[in-house]
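Read through the structure below, which is laid out as structure tokens, and then see the notes.
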2 protein chains.
Amino acid sequence: MARPRKPLLSRDRIVEAASALVDAEGLDAVSTRRLAAVLGVSGPSLYNHFRNKDEILDAVADAVSVQVDLSMFEASDPRDWRAALHDWALSYRAALAAHPHIVPVLARGPGRRPAGLRVADAVFGAMVGAGWPPAQATRIGALMRYFITGSALGSFARGFVDDESAYDPADYPHLGQAHLLAERGREVDEGAFETGLRALLDGLALQYEEYARPTETVRRAPKRP
Amino acid sequence: MARPRKPLLSRDRIVEAASALVDAEGLDAVSTRRLAAVLGVSGPSLYNHFRNKDEILDAVADAVSVQVDLSMFEASDPRDWRAALHDWALSYRAALAAHPHIVPVLARGPGRRPAGLRVADAVFGAMVGAGWPPAQATRIGALMRYFITGSALGSFARGFVDDESAYDPADYPHLGQAHLLAERGREVDEGAFETGLRALLDGLALQYEEYARPTETVRRAPKRP
DNA sequence: ACCTGAACACCGTTCAAGT
DNA sequence: ACCTGAACACCGTTCAAGT
């Protein structure tokens, strides 16, 4: 065939097909040859549009970051950083849950992925706008990402196996029902995420008061709304 | 050569060599052929000791979990769950930091890895012993792992690139100094981890009080977003 | 039981050749 | 510019054959 008058491929078409393949069969199922076959071309054709396979997977990951809602950070009241962080965390988690197989790529950090950077930028900007010192704002963006991607990657339940024989009670006296965890999978995951997110936000709120009232001698109890 | 009178290989020797290879050159550097070459045997020999490559990497990951200190959970005072959790988190992080390339395997959860399960068991048992309801103890084990492995995997700083051109200020108004982050890598990582760990423990302490005083009149802690 | 070489069905990537 | 087939240097894993 050689060169067609209208390109058969585009970055978008490649990313779309790769995303579908990742979602359907996982990261390992994506080889340049298989991906090319799905697109009706030969393997090397992909290299006209991406430098290598990693760049394709980065683009797939970034397409997920695009789905993360950031509108809460443009809220009128910058004081409401807690609510914004909370809503953003849920949106982030939902985006990852919809494409669990690409999470390992996302969990490594934004790298040069534009949408990933946009997310980091929005969080940092909103926290600074809310009165957090820049150094703390950086940390908050990082630690929230740690928690959210960590939870998406290694959900506690999927981490156990649905097979009682794997857990000899003599070895693990407290894990008697561990094999049941696989069953209660989603339940445990969501519970752990909720509990962790609340703890994180509660804890940050305590720290915020230290920064918001740095001159005060004695720390007051938080005021009740 | 065929079968030697004394085995050339053992699971331990294989794991040791694989660990060294992972540490020195990363996960991708480990192929069955290369690993076998390091050990002075041919590739297929490994299959006499492990069912497949994944099992080898699981064993490498488990060797890291063995390094995690759990002695703090045997402390005399079970009330001191907070201090124990804190010290354990530091020990866990240190173990991961010493072998960063294997973290992606560890972050997926304990699976059937004995040492990984021992860790989960110790945390769960200690939290129940400290008075947490079992359901909450499960969640705490999970969420702590989310945070710790998430932080080890996707350290904020390594996630950025040391190249100013990657961050056009028009696109990311708040990330003007993002390229400096790579430089300040360890600093940011450790700060984010510290801040996050403190927030997590502070937040859990608040929740603990809810459970420790369950008979208190109907007034529950205000549910926040 | 434990190692070997040969073999199978794959990989990611490069490159000259075609239009 | 964009696709092709051929080629290179690899993979993980199976298996019959050797001792």
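Proteins come first, then strands; the chains are lettered A, B, ... in the order of their sequence lines, and each starts at number 1. In what follows, every heavy atom counts, from backbone to side chain, and hydrogens, waters and symmetry copies are set aside.
- The nearest whole Å value for the distance from the CG atom in B/Asn48 to the P atom in D/dA17 is 17 Å.
- On the P atoms, C/dA9 is 22 Å away from D/dA9, given to the nearest whole Å.
- C/dG18 atom C1' lies 15 Å from atom CG of A/Leu8, rounded to whole Å.
- Side-chain nitrogen and oxygen atoms of A/His49 include at least one within less than 4.0 Å of the OP1 or OP2 phosphate oxygen of D/dC3.
- In this structure, CZ of A/Phe50 is placed 13 Å from P of D/dC3, rounded to the nearest angstrom.
- Under the 30°/60° scheme for interplanar angles, the aromatic rings of B/His174 and A/Phe124 are found to be tilted.
- For A/Glu55, the CD atom is densely surrounded, since the number of other residues' heavy atoms within 6.0 Å is greater than 12.
- Inspection of the A/Ser71 and A/Asp69 side chains reveals an N or O donor paired with an N or O acceptor under 3.5 Å.
- With respect to A/Glu25 and A/Arg34, a salt bridge is recorded, a charged nitrogen being found less than 4.0 Å from a carboxylate O.
- Under the 3.5 Å distance criterion, with hydrogens and angles disregarded, a donor-acceptor pair is assigned to the side chains of B/Arg93 and B/Ser151.
- The aromatic ring centroids of A/Phe193 and B/Tyr146 lie 6.0 Å or more from each other.
- Side-chain N/O atoms of B/Ser42 include one lying less than 4.0 angstrom from OP1 or OP2 on C/dT4.
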For nucleotides 8-16 of chain D, give me one character per nucleotide, 5' to 3': B if any protein heavy atom sits under 4.0 Å from the base, S if the only such contacts are to the sugar-phosphate, - if neither.
---BBBBB-

Using a 3.5 Å limit on both pairing distances, list the dot-bracket string of DNA chain D from the 5' end; Watson-Crick and G-U wobble pairs count, crossing pairs take [ ], interstrand pairs take |.
||.|||||...|||||.||

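- Between A/Trp132 and A/Trp81, the ring planes are perpendicular. Angles over 60° get that label, and only those under 30° would be called parallel.
- At whole-Å resolution of the value, NZ in B/Lys6 and P in C/dC3 are 11 Å apart.
- Side-chain atoms of A/Met127 and A/Val123, non-hydrogen and from C-beta on, do get closer than 4.5 Å to each other.
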